[in-house]
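Note that ligands are numbered from 1 as they come in the structure, with each ligand's atoms numbered from 1 the same way.
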Amino acid sequence: MVIIRRLPFTSNAKQFCHNIRRKGSNTSQNGSQSTKRICIVGAGPAGFYAAQYVLKHLSSSAVDIIEKLPVPFGLVRYGVAPDHPEVKNVINTFTKTAQHQNFKFFGNVTLGKDISLQDLRERYHAVLLTYGADMDRQLNIPNEDQPNVVSAREFVAWYNGLPGAQHLNPDLSGQIVTILGQGNVAVDVARMLLSATDALRKTDTTEYALEALSRSKVERVYLVGRRGPLQAAFTIKELREMLNLPNVQTLWKQDDFKDVPEQIPNLPRPRKRLTELMLKSLSEQKMASTSKKKFLPIFLRAPKAIDGNKIELTVTHLQNDMAVPTDKTEHLPSDLFLRSIGYRSSCADNGICFDERNGCVYNANGRVLRDAVSKVVNKGLYVAGWLGTGPTGVILTTMNGAFAVAKTICDDILSNTVDIKQTKPGLNAKQLDRAATWAHWQRIDQAEQEAGKALGKPREKLVDIEEMLKVAGL
Ligand code: FAD
Ligand code: NAP
């Protein structure tokens with residue numbers, strides 16, 4: 001709620017809320033108001049923010065969230081870095097939403113496996129898809145599938161305890177790791193690799209990852225970008241954290257910054273501040289340092305081929321901010337490669353009009369399309385979060401998008417645009433096989449927090465679904 005007040009969006013939201021109450025009360029006076037059932041698929045930020053909006057603004061609504069895992073919160077639990085606990089405070093807002101009397105959680109229920117979209121459509125007035133992006137983009141270069149090439153998504157899932165990722169067993173016995181891509185995920189991963197394990201012990205990093213990181217021999221982490229410093233995808237807060245990491249030296253390549261200082265006056269403010277920080281760090285860098293650990297960003301190099309313990313990089317130059325390959329290449333030796341070029345959504349159900357090329361659901365402002373050609377809207381079906389926009393944006397961006405789509409749902413319901421007849425009742429936990437309710441999640445949550453307490457950390461996550469269900473009493 002506090003966050004809503006801070007946004008420019010708020011004034012619209014307030015006005016909208018006022019309109020809805022008026023419309024809602026008219027409907028009531030006519031005696032035709034009935035509960036509108038909305039099903040949200042995916043309990044990440046997009047799902048929870050949309051639920052919050054609908055429950056607040058659409059009188060007489062009930063929201064059910066189905067979630068693949070027995071536990072909620074998506075990437076807030078399984079993506080956000082363990083040493084950023086403040087980011088996870090959004091969970092408090094989501095928990096308040098979950099306590100609303102018209103909200104129900106059905107964990108351990110996967111769309112496309114345990115239930116079909118068709119079934120949901122027969123039970124709900126509107127279905128909102130927010131099941132995120134649980135795959136990753138490929139570089140499509142030779143030998144990308146070698147055992148020493150791991151996606152950053154899998155590595156993040158490993159240290160964060162996503163069920164299924166606990167057996168990744170990344171080989172950290174070599175000194176050099178090369179991360180391909182320069183977004184904030186890449187920086188998160190570099191920080192986890194270069195941080196002192198003792199500092200991570202106070203976080204909710206899983207015990208098995210702490211154990212592996214404490215034995216890690218990694219000393220040099222390269223961060224390779226195909227474009228230049230002015231196009232770097234990481235942001236200033238994340239870079240500053242790297243520069244301040246104890247016992248780690250950041251080394252830039254002077255050549256990468258040719259022509260950069262002259263462009264500073266024309267840059268928008270956030271980009272200007274980020275570039276100034278890079279240049280300041282470059283001007284202060286000394287080759288001799290007592291720190292064994294090095295963070296080594298490299299720009300204007302595109303991955304060409306991986307071959308055993310080295311990668312061939314194409315030297316690029318910029319044309320209209322795009323990377324254009326030259327005929328020069330370089331080799332970089334490395335023991336482990338982490339591909340960090342973005343997540344990717346998948347199509348969970350055949351009934352979804354899915355854009356395979358861009359990895360998102362075809363939609364017009366959150367209304368899912370029937371097909372990509374006619375652009376006709378599939379009434380009562382919506383998409384929000386990374387599944388609708390593609391895999392970029394911080395939680396705040398996801399929140400704004402989810403609020404906007406939730407407003408569209410409310411508008412459509414109030415204007416009777418959603419006229420689908422429901423032939424079945426809403427979901428019921430008893431009819432689903434081992435569905436985890438909110439009370440079940442609370443038991444898991446409590447068990448994790450207790451296990452964490454004994455280790456001096458906020459929680460020790462359960463990483464096995466069967467164990468989660470057992471603790472929940474299912
Ligand atoms: P998700 O968070 O992915 O939620 C999707 C949910 O759907 C998941 O719970 C998933 O289990 C569920 N699901 C998947 N398939 C199915 C199915 N078939 N049926 C039912 N449920 C399903 N933002 C910040 O502001 N600060 C940060 O520090 C930050 N760190 C990040 C670190 C990483 C590594 C990543 C990848 C992102 C980070 N972000 C951060 C961005 C933030 O996590 C996203 O903006 C946000 O999580 C996107 O929300 P979403 O709801 O679209 O997807
Ligand atoms: P991202 O920010 O989109 O960065 C992707 C990186 O991969 C870019 O450097 C991109 O370079 C590069 N890339 C893409 N395709 C490539 C290719 N074929 N070859 C070489 N490089 C390629 O994605 P992300 O890092 O996965 O982050 C996703 C979102 O989560 C972002 O919005 C991010 O800010 C957010 N996030 C936030 C935090 C935080 O707030 N602390 C932490 C983690 C994630 P180009 O720019 O040249 O395409």
Side-chain angles (χ1 to χ4, degrees), residues 40-50 65-81 83-88 90 106-115 117 129-141 151-153 155-157 159-160 162-163 179-189 191-192 223-228 231-235 237-238 241 299-304 313-314 316 318 321-323 339-349 352 383-399 401-402:
I40 298 177
V41 181
F48 268 101
Y49 281 123
I65 288 195
I66 67 163
E67 162 60 48
K68 174 169 81 170
L69 295 167
V71 296
F73 310 138
L75 285 171
V76 176
R77 182 177 156 100
Y78 291 119
V80 171
D83 59 345
H84 285 170
E86 71 290 348
V87 178
K88 301 185 195 216
V90 293
F106 299 103
N108 199 31
V109 179
T110 303
L111 173 67
K113 184 172 146 238
D114 302 311
I115 196 147
L117 182 61
L129 305 171
T130 62
Y131 64 80
D134 59 2
M135 317 252 291
D136 40 69
R137 288 190 186 138
Q138 305 280 313
L139 284 160
N140 298 319
I141 59 171
S151 79
R153 180 187 61 80
F155 189 74
V156 166
Y159 62 64
N160 271 326
L162 179 73
I179 305 176
L180 304 164
Q182 291 185 325
N184 282 330
V185 171
V187 175
D188 272 359
V189 164
R191 199 177 63 254
M192 289 298 289
L223 198 80
V224 180
R226 60 183 168 179
R227 298 193 286 160
Q231 293 79 31
F234 52 75
T235 43
K237 182 176 160 285
E238 285 62 36
E241 250 181 308
F299 295 94
L300 300 165
R301 301 290 183 273
K304 187 175 178 201
L313 301 168
T314 302
T316 64
L318 292 173
D321 281 355
M322 299 307 286
R339 183 184 55 226
S340 185
I341 60 165
Y343 284 42
R344 188 181 164 82
S345 299
S346 52
C347 183
D349 186 287
I352 300 169
V383 63
W386 279 16
L387 180 63
T389 59
T392 57
V394 292
I395 296 170
L396 196 70
T397 329
T398 300
M399 178 187 81

| query | Is there at least one pair of N or O atoms, one from L387 and one from ligand 1, spaced under 3.5 Å apart? | reply | no

| said: When you compare ligand 2 with A186, is there at least one nitrogen or oxygen pair between them that comes in under 3.5 angstrom? | reply: no

| note | Quick note on ligand 1: atoms under 4.0 Å from a heavy atom of G44 include exactly 2 (O), 4 (O), 6 (C), 51 (O)

| note | atom 43 (O) of ligand 1 sits nearest the protein heavy atom L75 CB, 3.4 Å

| query | Can you tell me the protein heavy atom closest to atom 19 (N) of ligand 2 and the distance? | reply | L139 CD2, 3.6 Å

| said: How far is atom 3 (O) of ligand 2 from the closest protein heavy atom, and which atom is that? | reply: T392 CG2, 3.7 Å

| message | Within ligand 1, which atoms have a heavy atom of V41 less than 4.0 Å away? | response | 19 (N), 20 (C)

| request: Report yes or no: does a heavy atom of V189 sit under 4.0 Å from some atom of ligand 1? | output: no

| Do any heavy atoms of G112 fall under 4.0 Å from ligand 1? | no

| query | Taking all non-hydrogen atoms of both residues, which atom of L139 and which atom of P303 are closest, and how far apart? | reply | CD2-CG, 3.9 Å

| query | Does an N or O anywhere in G393 fall below 3.5 Å from an N or O of ligand 1? | reply | yes

| field | Minimum-distance protein heavy atom relative to atom 23 (O) of ligand 2 | value | G342 CA, 4.5 Å

| Protein non-hydrogen atom below 4.0 angstrom of atom 10 (C) of ligand 2 present | no

| message | If you measure every N or O of G393 against every N or O of ligand 2, does any of those distances drop under 3.5 Å? | response | yes

| task | Provide the number and element of each atom of ligand 2 under 4.0 Å from a heavy atom of W386. | result | 28 (C), 29 (C), 30 (O)

| said: I'd like to know if D134 and K68 make a salt bridge, using a cut-off of under 4.0 Å between side-chain N and carboxylate O. | reply: yes

| request: Do me a favour and list the nearest non-hydrogen protein atom to atom 7 (O) of ligand 2 with residue, atom name and distance? | output: I341 CA, 3.3 Å

| Would you call R339 and D136 a salt bridge, using N to O less than 4.0 angstrom? | yes

| request: Please confirm whether N184 comes within less than 3.5 Å of ligand 2 when only nitrogen or oxygen atoms on both sides are compared. | output: yes

| remark: The answer for which part of V394 has a heavy atom under 4.0 Å from ligand 1 is both

| query | Looking at atom 42 (C) of ligand 1, what's its closest protein heavy atom, distance included? | reply | I395 CG1, 3.9 Å

| note | Logged contact type for T110 with ligand 1, heavy-atom cut-off 4.0 Å, is both

| Is there a donor-acceptor contact under 3.5 Å from the side chain of S340 to the main chain of I179? | no

| query | At their closest point, which heavy atom of P45 faces which heavy atom of I395, and how far apart are they? | reply | CB-CG2, 4.3 Å

| message | Does K88, at its NZ atom, have more than 12 non-hydrogen atoms belonging to other residues, nucleotides or ligands within less than 6.0 Å? | response | yes

| request: Assign the ring pair F73 / F48 to parallel, tilted or perpendicular, where the plane angle (0 to 90°) is split at 30° and 60°. | output: tilted

| said: Is the contact between T130 and ligand 1 made by the side chain, the backbone, both, or neither, using heavy atoms and a 4.0 Å cut-off? | reply: backbone

| request: State whether the shortest distance between N or O atoms of F73 and N or O atoms of ligand 1 falls below 3.5 angstrom. | output: no

| field | Proximal atoms of ligand 2 relative to G183 (non-hydrogen, under 4.0 Å) | value | 2 (O), 4 (O), 6 (C), 9 (O), 25 (O)

| request: Considering only non-hydrogen protein atoms, determine which one is nearest to atom 6 (C) of ligand 1 and report residue, atom name and distance to 0.1 Å. | output: E67 OE1, 3.7 Å

| message | Between E241 and H84, is there a side-chain donor-acceptor contact under 3.5 Å, judged purely by atom types and distance? | response | yes

| said: So for ligand 1, is W386 a polar contact partner (N or O within less than 3.5 Å, distance only)? | reply: yes

| query | Who's the nearest protein heavy-atom neighbour of atom 21 (N) of ligand 1, and how far? | reply | K68 N, 3.0 Å

| query | Does an N or O from V76, backbone or side chain, lie closer than 3.5 Å to an N or O of ligand 1? | reply | no

| Looking only at non-hydrogen atoms, which of V185, I40, V80 approaches atom 30 (N) of ligand 1 most closely? | V80

| query | To which of D349, V71, D83, L111 does the heavy atom nearest atom 18 (N) of ligand 1 belong? | reply | L111

| task | Using heavy-atom distances, let me know which of E238, R226, Q182 sits nearest atom 45 (P) of ligand 2. | result | R226

| said: Which of the numbered atoms in ligand 2 are under 4.0 angstrom from any heavy atom belonging to R227? | reply: 45 (P), 46 (O), 47 (O)

| query | Which ligand 2 atoms are under 4.0 Å away from a heavy-atom of S340? | reply | 6 (C), 7 (O)

| note | closest protein heavy atom to atom 28 (C) of ligand 2 is P391 O, 3.5 Å

| task | Please indicate whether any nitrogen or oxygen in Y343 is less than 3.5 Å from any nitrogen or oxygen in ligand 1. | result | no

| Between the side chain of Q182 and the main-chain N/O of L223, is any donor-acceptor distance below 3.5 Å? | yes

| field | E67 side chain to A43 backbone, donor-acceptor under 3.5 Å | value | yes

| query | Of the backbone atoms (N, CA, C, O) and the side-chain heavy atoms from C-beta on, which set of D188 has a member under 4.0 Å from an atom of ligand 1: side chain, backbone, both, or neither? | reply | side chain

| Residue, atom name and distance, where the atom is the protein heavy atom closest to atom 26 (O) of ligand 2 | V185 CG2, 3.4 Å

| said: Measuring from non-hydrogen atoms of L180 to any atom of ligand 2, is the shortest distance under 4.0 Å? | reply: no

